[in-house]
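Residue indices begin at 1 and follow the sequence shown.
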Amino acid sequence: MAVPSNINADHAGRTGSVERVTKETRVRLRLNLDGTGCGQVETTIPFLDHMLMQLVSHGLFDLQVQAHGDTEIDDHHTNEDVGISLGQALGQALGDRRGIHRFGHFLAPLDEALVQVALDCSGRPHLEFDLQLRAERIGRYDTQLVREFFVAVVNNSGLTLHIRQLHGRNDHHVVEACFKAFARALRMATEVDPRRSGQVPSSKGVLEQAGGG
């Protein structure tokens, strides 16, 4: 069972901070949606670090992550808990989602790979994941963990997220294109819409995370 650990979020500054402690992992994460692409990421999982830095570089988010877990067993728990923490921090930073574009989409090519990401900061967690990964591992990273990472992000941030591989043979290229497309789509969706005048981007006038208190 995780120790209650969410640090106060500064919604005005569009930041979120999470410290997640379980018997399996310890994760400290801070996210600034209005950053300039400054990142310090240390999860003890090199490929995951590489992918998280795509969010920093292409989303222009500021992201600090320190994570340690039972990677002597495998990378599953650390990978998942980093995703949970990122999702919670994103939910904090978005607050009531007032004034944002809400929707984002991007097509990212990387050599022969082409991946499409479309998302909605809807408050309704849903993932459609369609990457046809062929290898069991990229380096030491279990390719099954890519989907598990996005499941954790979606369920803890209230994103509706569609990921679709259009082309690709090299799994590293496919996954990296996926993270780059996710970064750009998330940047598009979370940026402030100057025509919105601070209003919630919904005909209902409210965006509530499903299952939230």
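- Contact of the I138 side chain with the M51 side chain is not registered, since no non-hydrogen atoms from C-beta on lie closer than 4.5 Å.
- Looking at every heavy atom in both residues, G37 comes nearest to D62 through N-OD1, 3.1 Å.
- Heavy atoms only, all atoms of each residue included: G123 and R97 are closest at N-NE, 4.1 Å.
- Enclosure of atom NE2 in H105 is not indicated, since only 12 or fewer non-hydrogen atoms of other residues, nucleotides or ligands lie within 6.0 angstrom.
- Ring geometry for F150 against F179 counts as tilted: the plane angle lies between 30° and 60°, on a 0 to 90° scale.
- Note: L114 CG to R164 CZ = 10.0 Å, rounded to the nearest 0.5 Å.
- When only modelled atom types and interatomic distance are considered, E128 and H126 share a side-chain donor-acceptor pair under 3.5 Å.
- Across all non-hydrogen atoms, the minimal contact from G16 to Q92 is CA-OE1, 3.3 Å.
- In the hydrophobic clustering of this structure, V18 does not group with I84; members are Ile, Leu, Val, Met, Phe, Trp, Tyr whose side-chain heavy atoms approach within less than 4.5 Å, directly or through other members.
- T78 and A67 make their closest contact through CG2-CB, 4.1 Å (heavy atoms, listed as atom of the first residue, atom of the second, distance).
- Atom CG of residue L119 and atom CG of residue L127 lie 11.0 Å apart, to the nearest 0.5 angstrom.
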### Query
Are H76 and E148 close enough, and set up right, to give a side-chain hydrogen bond (donor to acceptor under 3.5 Å, both in side chains), and what steps lead you there?
CA-CA 8 Å; H76 184 100; E148 296 307 313; 4.8 Å; no
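- The main-chain N or O of G69 is never found under 3.5 Å from a side-chain atom of E24 such that the two would form a donor-acceptor pair.
- Heavy-atom contacts from other residues, nucleotides or ligands closer than 6.0 Å to CD of Q144 number 12 or fewer.
- Between atom CZ of residue R140 and atom CG of residue D142 there is a gap of 11.5 Å, rounded to the nearest 0.5 Å.
- Tracing side-chain contacts under 4.5 Å through hydrophobic residues (I, L, V, M, F, W, Y), one reaches F182 starting from F129; they form part of the same cluster.
- Going from atom CD of E176 over to atom NE2 of H58 covers 7.0 Å, rounded to the nearest 0.5 Å.
- When hydrophobic clusters are built by joining Ile, Leu, Val, Met, Phe, Trp and Tyr residues whose side-chain heavy atoms come closer than 4.5 Å, directly or via intermediates, L90 is grouped together with M53.
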Just distance, no hydrogens or angles: give the donor-acceptor pairs under 3.5 Å from side chains in residues 190-197, sequence neighbours left out.
from: T190; atom 1: OG1; to: L186; atom 2: O; distance (Å): 2.7
from: E191; atom 1: OE2; to: R187; atom 2: NE; distance (Å): 3.3
from: D193; atom 1: OD1; to: R195; atom 2: N; distance (Å): 3.0

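- When side chains are defined from C-beta on, F61 does not count as touching N32, because their heavy atoms never get closer than 4.5 Å.
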### Verdict with supporting geometry, R14 and I100, side chain to side chain contact (heavy atoms under 4.5 Å, CB included)
CA-CA 11 Å; R14 299 198 342 138; I100 64 171; 3.5 Å; yes
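- In this structure, F47 and N79 have side chains that are not in contact, with every pair of non-hydrogen atoms separated by 4.5 Å or more.
- For Q132, the CD atom is densely surrounded, since the number of other residues' heavy atoms within 6.0 Å is greater than 12.
- I45 places none of its side-chain heavy atoms less than 4.5 Å from the side chain of L145.
- A search for side-chain hydrogen bond (donor to acceptor under 3.5 Å, both in side chains) contacts involving R26 returns E19, not counting sequence neighbours.
- R134 is listed as a side-chain neighbour of R169, based on a closest heavy-atom distance under 4.5 Å.
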### Task
Go through the steps to decide whether L131 and V115 satisfy the test side chain to side chain contact (heavy atoms under 4.5 Å, CB included), and finish with yes or no.
CA-CA 8 Å; L131 297 186; V115 176; 4.2 Å; yes
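- Between the side chain of S157 and the main chain of V153, a donor-acceptor pair closer than 3.5 Å is present.
- With sequence neighbours excluded, no residue forms a salt bridge (Lys or Arg N to Asp or Glu O under 4.0 Å) with R147.
- T25 OG1 to R20 CZ: the interatomic distance, rounded to the nearest 0.5 Å, is 6.0 Å.
- To the nearest 0.5 Å, the span separating CG on L94 from CZ on R102 amounts to 12.0 Å.
- Residues L110 and N170 form no side-chain contact, since every pair of their non-hydrogen atoms from C-beta on lies 4.5 Å or further apart.
- There is no path of hydrophobic side-chain contacts, each under 4.5 Å, that joins I163 to L107.
- Taking every heavy atom of both residues into account, L159 and C121 meet most closely at CD2-SG, 3.7 Å.
- Here the closest heavy-atom approach between residue L60 and residue S57 is recorded as CD2-O, 3.9 Å.
- Residues L55 and Y141 are members of one and the same hydrophobic cluster, defined by side-chain heavy-atom contacts under 4.5 angstrom among Ile, Leu, Val, Met, Phe, Trp and Tyr.
- Counting heavy atoms from C-beta on, the side chains of V65 and T43 come closer than 4.5 Å.
- Annotation: side chain of L48 is not in contact with side chain of D75 (no heavy-atom distance under 4.5 Å).
- Without hydrogens or angle criteria, D171 side chain to L133 main chain gives no donor-acceptor distance under 3.5 Å.
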